[in-house]
Amino acid sequence: QEEAAFAASPLGANTNRLLVEPQKVPRKIPKQPFKVLDAPMLKDDFYLNLIDWSAQNVLAVGLGSSVYFWSACTSKVTKLCETKPTDSIASVAWTQRGTKLAVGTTQGNVLLYDAASCKLEQELESHPSRVGTMAWNSSVLATGSRDHLIKLHDPRSAKSVVTTFEGHRQEICGLRWSFNDMQLASGGNDNELMIWNMHARSPVGSFSAHKAAVKALAWSPHQHGLLASGGGTADRCIRFWDTRAMQPLFHVDTGSQVCNLVWSKSVNELVSTHGYSLNQVIVWQYQPFCKIATLVGHTQRVLYLAMSPDGSSVVTAAGDESLRFWAIWPSLSTQTGSMFSANVPLPRSADIR
């Protein structure tokens with residue numbers, strides 16, 4: 001009957017079937033950022049981690065010796081703190097609920113601030129040298145330093161440091177907790193990737209495949225034990241690992257220094273940011289692995305990356321002293337409307353504008 005219905009048509013049955021059946025429309029990723037902010041004095045340093053986006057929709061940015069909050073809802077800028085003139089900001093990390101911010105400094109201090117009051121709440125045990133990377137699980141803060149050590153801090157405990165991990169031979173560049181809080185991935189300037197858990201002082205897994213510093217780390221929210229890591233200028237590769245079996249899966253040569261990775265919560269895709277020499281932001285599909293989009297605009301290394309709490313957007317920051325906001329994925333939020341302020345001019349106060 002179907003063929004009879006199209007008997008008078010010059011189109012074949014298969015062509016008509018394509019016309020009649022609903023087609024999946026490819027998702028269009030805007031090639032331009034939807035917001036750009038100036039960030040004067042943002043350091044061009046691969047080993048630092050100077051932006052983080054909270055569950056309360058507030059972006060923390062380390063600029064020189066100061067930390068600023070920028071509210072995505074109101075565009076309001078608030079200065080949180082300023083270090084001594086001899087010190088500067090090396091890393092920032094929000095708690096999972098976004099109520100407290102950890103600040104690491106170049107002199108090795110680890111400070112815990114209450115976001116609502118902007119008051120210093122605790123000074124945790126320090127490192128003897130800069131704290132360039134930090135990561136929270138639900139209750140424990142991991143700090144990584146140029147002293148080659150990883151310290152686990154529990155602010156609820158009378159003794160701040162509950163465990164110290166020793167294994168890397170050079171500066172710790174990246175730290176990420178798995179989504180179940182059971183495993184901590186660390187990357188170092190010794191080109192090593194290590195996997196730790198709370199029950200052992202030595203790494204439960206160690207990988208030496210990268211040929212340069214390992215800063216970029218991202219756990220998959222879609223598959224338990226799946227980890228992505230990225231290598232620096234002499235390596236350029238994103239590598240994927242099964243941390244349950246402690247086995248490598250596959251890798252891709254991106255052609256450029258890999259500075260950061262983040263895995264989408266809503267779809268099985270990743271974003272990578274790059275330095276020498278392309279300064280790009282790339283969106284990848286995981287299965288089958290392929291490049292979906294390349295986003296350009298930064299004129300220097302895209303050293304910093306954070307994802308919005310609803311999972312729809314990422315913000316990137318570079319040595320060109322700019323923050324760029326990109327709409328990439330479907331939102332996890334069921335609320336209607338944008339997370340961002342509407343018809344509010346970019347803030348001109350403080351140092352983020």
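Atom set for the values below is all heavy atoms of this structure, side chains included, hydrogens, waters and symmetry mates excluded.
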Q: Taking the side chain as C-beta and beyond, is there a heavy-atom pair between Val103 and Ile89 under 4.5 Å?
A: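 SC-SC contact between Val103 and Ile89 confirmed.
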Q: Is there a donor in the side chain of Arg130 and an acceptor in the side chain of Ser145, or the other way round, less than 3.5 Å apart?
A: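 No, no side-chain donor-acceptor pair sits under 3.5 Å.
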Q: Do you see a donor-acceptor pair shorter than 3.5 Å between the side chains of Ser126 and Asn109?
A: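 Per modelled atom types, Ser126 and Asn109 side chains form no pair under 3.5 Å.
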Q: Taking only residues at least two apart or on different chains, which pairs with a member in residues 92-137 satisfy ring pair (Phe, Tyr, Trp, His ring centres under 6.0 Å)?
A: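 Matches after skipping sequence neighbours: Phe69-Trp94.
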Q: Report the residues that fulfil side-chain hydrogen bond (donor to acceptor under 3.5 Å, both in side chains) with Gln170, sequence neighbours left out, ordered by chain and then residue number.
A: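 Gln170 satisfies side-chain hydrogen bond (donor to acceptor under 3.5 Å, both in side chains) with Asn189 once adjacent residues are dropped.
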Q: List in chain and number order the residues that pass ring-ring contact (aromatic ring centres under 6.0 Å, His included) with Trp326, two or more places apart in sequence or in another chain; answer none if no residue qualifies.
A: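 ring-ring contact (aromatic ring centres under 6.0 Å, His included) list for Trp326, sorted by chain: empty.
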Q: Would His298 and Asp320 count as a side chain to side chain donor-acceptor pair (under 3.5 Å) if you check the C-alpha gap in whole Å, the side-chain angles of each, and the deciding distance to 0.1 Å?
A: CA-CA 7 Å; His298 284 293; Asp320 58 16; 3.1 Å; yes
Q: For Leu295, run the side-chain contact (heavy atoms from CB on, under 4.5 Å) check against Val314, Thr273, Ile328, Ile282 and tell me which one passes.
A: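 Option passing the side-chain contact (heavy atoms from CB on, under 4.5 Å) with Leu295: Ile328.
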Q: Considering residues at least two apart in sequence or located in another chain, which fulfil the salt bridge (charged side-chain N to carboxylate O under 4.0 Å, His left out) criterion with Glu192?
A: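 Counting only residues at least two positions away or on another chain, Glu192 forms a salt bridge (charged side-chain N to carboxylate O under 4.0 Å, His left out) with Arg169.
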Q: When you measure from the side chain of Arg324 to the backbone of Val315, do you find a donor-acceptor pair of N or O atoms at a distance under 3.5 Å?
A: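 The answer is no, because no donor-acceptor pair under 3.5 Å joins these two groups.
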Q: If we ignore angles and hydrogens, is there a donor and acceptor under 3.5 Å between the side chains of Thr83 and Thr105?
A: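 Distance-only check fails for Thr83 and Thr105.
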Q: Only pairs at least two apart or in different chains count here, so list each salt bridge (Lys or Arg N to Asp or Glu O under 4.0 Å) that has a residue in residues 291-301.
A: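 Passing the test, one end in residues 291-301: Asp44-Arg301.
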Q: Please table the atom pairs, donor to acceptor, closer than 3.5 Å between any side-chain atom in residues 209-228 and protein atoms at least two apart or in another chain.
A:
from, atom 1, to, atom 2, distance (Å)
His210, ND1, Asp235, OD2, 2.8
His210, NE2, Ser229, OG, 2.8
Lys215, NZ, Phe46, O, 3.1
Lys215, NZ, Leu48, O, 3.0
Lys215, NZ, Leu303, O, 2.8
Trp219, NE1, Arg176, O, 3.0
Ser220, OG, His222, N, 3.0
Ser220, OG, Gln223, N, 3.1
His222, NE2, Ser264, O, 2.8
His222, NE2, Val267, O, 3.0

Q: For the residue pair Ser256 and Gly275, what are the closest heavy atoms and their distance?
A: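 Shortest heavy-atom contact: OG-O, 2.9 Å.
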Q: Quick one: do the Lys43 and Ser88 side chains pair a donor with an acceptor below 3.5 Å?
A: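 Side-chain D/A pair, Lys43 to Ser88: present.
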Q: Side chain to side chain donor-acceptor pair (under 3.5 Å) for Ser129 and Asp147? Distances and angles first, verdict last.
A: CA-CA 6 Å; Ser129 51; Asp147 66 6; 5.0 Å; no
Q: Do the two ring centres, one from Trp53 and one from Phe325, sit under 6.0 Å apart?
A: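 When the ring centroids of Trp53 and Phe325 are compared, they turn out to be within the sub-6.0 Å range.
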Q: Under a 3.5 Å threshold, yes or no: a donor from one side chain and an acceptor from the other, between Trp196 and Gln183?
A: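 No donor-acceptor contact under 3.5 Å links the two side chains.
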